[in-house]
Amino acid sequence: MRRVGSTGSKALPRAVLLLLVVILAAQGLGWVRPGWYPALLGGSLAVLDALGVVYLLRVARLGLNTLSCQVGAVARGLGVVNAVVFLCWVSGGPDWMWWAAAAAHVTGMALLGFSMVLGPLARLSGPHRQAFVAEMTAVGAAAVMIIWWVGLDPVLLTGGPDRDWIILAGLPIADLMLAMAIAAMLLRGVIRHWRDPISVLCAGMTLAILTDTAWVAGLPATAGHATGPGGGIVLIAVHVLLTLSPLMSSSGIGSVTDRPRRTGPPRWVAYLPLGALVTGVGLLLGVIVANAGFVRWSGLIVATVVMIAAIAVRQWLELSSSQARAARDLETGLASRAALKDALAGLVRARETCAVLAVSVPPGGTAPDVLRSCVRADDLVARLGDSTFGVLICDAAVTGEATTVAQRILVSFPDSAIGIAVGRTDEPAKTVLRNAEIALNHARRAGTATFVVYETSMNDRRATDAALAEALEGALQRDEFTLLYQPIVELATRRTVAVEALLRWHHPLHGDVSPGQFIPVAERSGEIVAIGQWVLEEACRQAAAWRADGIDLTVTVNVSPRQLQEPHLARDVLGALERTGLPADCLVVEVTESAMVNEALEIAALRTIRAGGVRIAIDDFGTGYSSLQYLTRLPVDILKIDRSFVAQLDGTAEGSAIAEAVVRLAQILRLTTVAEGIEEEMQARELANLGSQRGQGFLFSRPVPADRIPALAADVTYTGFQQLSA
């Protein structure tokens, strides 16, 4: 795949800009020559929609919302059909062409709205998807009421349906999909600045809704007016906005490529479904009063208003309370990391000078009170971690004030370390906080009782890890992860009997990121918990699909040290089996022997998992300091011989000593052995002679996509090996 970074200079192509200017100039010609305008309109719309198709496909190739862009390209393609058929009609074609053009327009707009809803629905899962659908439905229902009242109701009151509006009755459906798409963008928090490509797209869809509603409400009069300069210029504006959005994205303009920096929707979006409820009920009550009078239904109307007001106030208070709880650390009463980021972002947007202190103090209950006493009343103190705190300072002489505060803290906490970062113009809040934490790491290395001010020269491995951690936020929702599968074979027959699921990450900016780079970062940031759950679900789903096709393979899934510390690990594993329909004996959970931290909790979780029928494998066996001790307590079924021992196999007794010891131990304990990293035929033969049952490595297959596993499972090679090893 191409990288987003290859988009170039972040400027719109001059040729396309010139073409847009020509199209807009042509609309002015339509005012001078009204008779020419229908043909000018059709040609302009065809060109704009064709550009939309080209640039949507280009954005899809860049890996940004691929599925949504592909569906959107189909929608804009229907716009080209609409324009071409419309041109044929104005050139003297039969009446059915007008209907065909209108049908293509309606279908295209509905599909465009659907394309924007499709992305969030595909990325979210479980309760998050259900909550999103519920919120979006509430907003969409209010939009239906408004569109019906403004558009269809006046038409229905004027008489029975006729051919002028029967074909356009689909416009409210298309407008509903557009309204749902706008709601989806608001609820997902992707509309952050008016110059963003997504904001331009939202503006175009909003204008399309208004135009279509006015068109339906004014039929049949406005059907002819739409082909004139007055109505046509609005259609041109809609399609220009819809085309500018992918054009900006493909040119690297706006914040689409900075999506990992986003932390979620603005706070007011949480009140959007509540506003939709109040709007819909208010409109309904207004229609009742207007048509039936107030006196007759006064009791019901007043009671409904009071009830809705009470519910709205109650929900408003609950949302406000939830946001307040999210902004506070419940244990210390200080602001949370999220609250510090929000406050810092506000100062950055206002271009005010500010600084952030990241403070590491010895564990103890007095830290919050002491830190408050070291700062001014206007400064914000937040908890960043177990014994790490943040201080946000806003001042005209911010560097001097920050060092003064740091010195006060060092007096109160002689064993502390402090990192200071000064906010710079147009520097995102996350970057300022990250810089403070980088400086804190340097202060820790320098020793306690010191502070370090961040400098750009500090962008070492920690800065790289911080950037990766930032990019990991939302990577799962953006479908940037994939799974590859490496076959595990029986050494005696070379038959593929299992596969190991291996995680891969392709980032639009960073390209393919090595698991050795991003998995440790995901461990430290906590992102590995959600990612690990996705890997488990996806691997189980794929194994179940293979079984449905008659391919009976066991799938091995790695569980990270951070996942082992989660109290609901056993429930998540067994729940994934239930949701995907995969039998428990077809799943192997693999843990690293050195991953144990809280042994009582983790061993209990593994026992629960094994009691459910899932087998447990110990990875890299023999490299830890307490392997034999663990074997007496862990519920183990499989030992995986580390690749470092396999690499030592050279046909001599010395080279095979450790591998043979592991195999003999496994035989005594009735455990299955899997040798990792087999790259040479000699290694496979020696392992089989030693008694190892299974192996995996490049000799048999590199990790491959899921669609190649059936062919590997059906291909039994080295059929004579069983005789040689007997």
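Index from 1, following the sequence. Because the structure is predicted, anything quoted here is derived from the model rather than measured.
Residue Thr580 comes nearest to Cys540 through the heavy atom pair OG1-CB, 3.4 Å, listed as atom of the first residue, atom of the second, then distance. A pairwise comparison of heavy atoms in Tyr485 and Pro705 identifies CD1-C, 4.5 Å as the closest pair. In plain terms, the two heavy atoms of Ala501 and Val555 that are nearest each other are CB-CG2, 4.4 Å. Counting all heavy atoms, side chain and backbone alike, Ala544 lies closest to Leu582 at N-CD1, 3.8 Å. The two atoms that bring Ala530 and Leu476 nearest to each other are O-CD2, 3.7 Å, heavy atoms only. Nearest heavy atoms, Leu241 versus Ala203: CD1-C, 4.0 Å.
Interatomic distance, Ser91 OG to Phe86 CZ, rounded to the nearest 0.5 Å: 9.5 Å. The CG atom of Leu40 lies 9.5 Å from the CD1 atom of Ile236; values are rounded to the nearest 0.5 Å. One distance of note links CZ of Arg504 with CZ of Phe518; it measures 7.5 Å at 0.5 Å rounding. To the nearest 0.5 angstrom, Asp479 atom CG is 8.0 Å from Trp534 atom CH2. The distance from the SG atom of Cys202 to the CG atom of Leu207 is 11.5 Å, given to the nearest 0.5 Å. Summarising the geometry, atom CG belonging to Leu433 is positioned 10.0 Å from atom NZ belonging to Lys430; distances are rounded to the nearest 0.5 Å.
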Subject >> Intermediate values then yes/no, side-chain contact (heavy atoms from CB on, under 4.5 Å), Val47 and Val22 >> reply: CA-CA 11 Å; Val47 172; Val22 171; over 6 Å; no
**OP:** Please report the C-alpha distance between Met248 and Val200 in whole Å, then the side-chain angles of each, then the deciding distance to 0.1 Å, and finally whether the side-chain contact (heavy atoms from CB on, under 4.5 Å) criterion is met.
**Re:** CA-CA 9 Å; Met248 293 168 66; Val200 174; 3.9 Å; yes
Original post:
Hey, mind stepping through Arg478 and His507 against side-chain contact (heavy atoms from CB on, under 4.5 Å) and telling me if it holds?
Top reply: CA-CA 10 Å; Arg478 294 189 301 272; His507 188 267; 4.2 Å; yes
Original post:
Could you walk me through whether Thr482 and His506 pass the side-chain contact (heavy atoms from CB on, under 4.5 Å) check?
Top reply: CA-CA 8 Å; Thr482 56; His506 181 88; over 6 Å; no
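Residues Leu344 and Val432 form a side-chain contact, since some pair of their non-hydrogen atoms from C-beta on lies under 4.5 Å apart.
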Tabulate below the donor-acceptor pairs under 3.5 Å that side-chain atoms of residues 73-83 make, not counting sequence neighbours, or state none.
unit_1	atom_1	unit_2	atom_2	d
Arg76	NE	Asp49	OD1	2.9
Arg76	NH1	Leu242	O	3.2
Arg76	NH2	Leu48	O	3.4
Arg76	NH2	Asp49	OD1	2.9
Arg76	NH2	Thr243	OG1	2.8

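Residues that satisfy the side-chain hydrogen bond (donor to acceptor under 3.5 Å, both in side chains) test with Arg579, not counting sequence neighbours, are Glu537. Shown here are the salt bridge (Lys or Arg N to Asp or Glu O under 4.0 Å) partners of Glu527, two or more places apart in sequence or in another chain: there are none.
In this structure, His105 and His239 have tilted ring planes: the angle between them lies in the 30° to 60° band. Taking the six-membered ring where tryptophan is involved, the planes of Trp505 and Phe481 are tilted, since the angle between them lies from 30° to 60°.
Each of Val54, Val16, Val59, Leu51 was evaluated against Leu247; a single residue qualifies, Val16, per the side-chain contact (heavy atoms from CB on, under 4.5 Å) test.
The backbone N or O of Val71 lies less than 3.5 Å from no partner atom in the side chain of Ser115, so there is not a single donor-acceptor pair.
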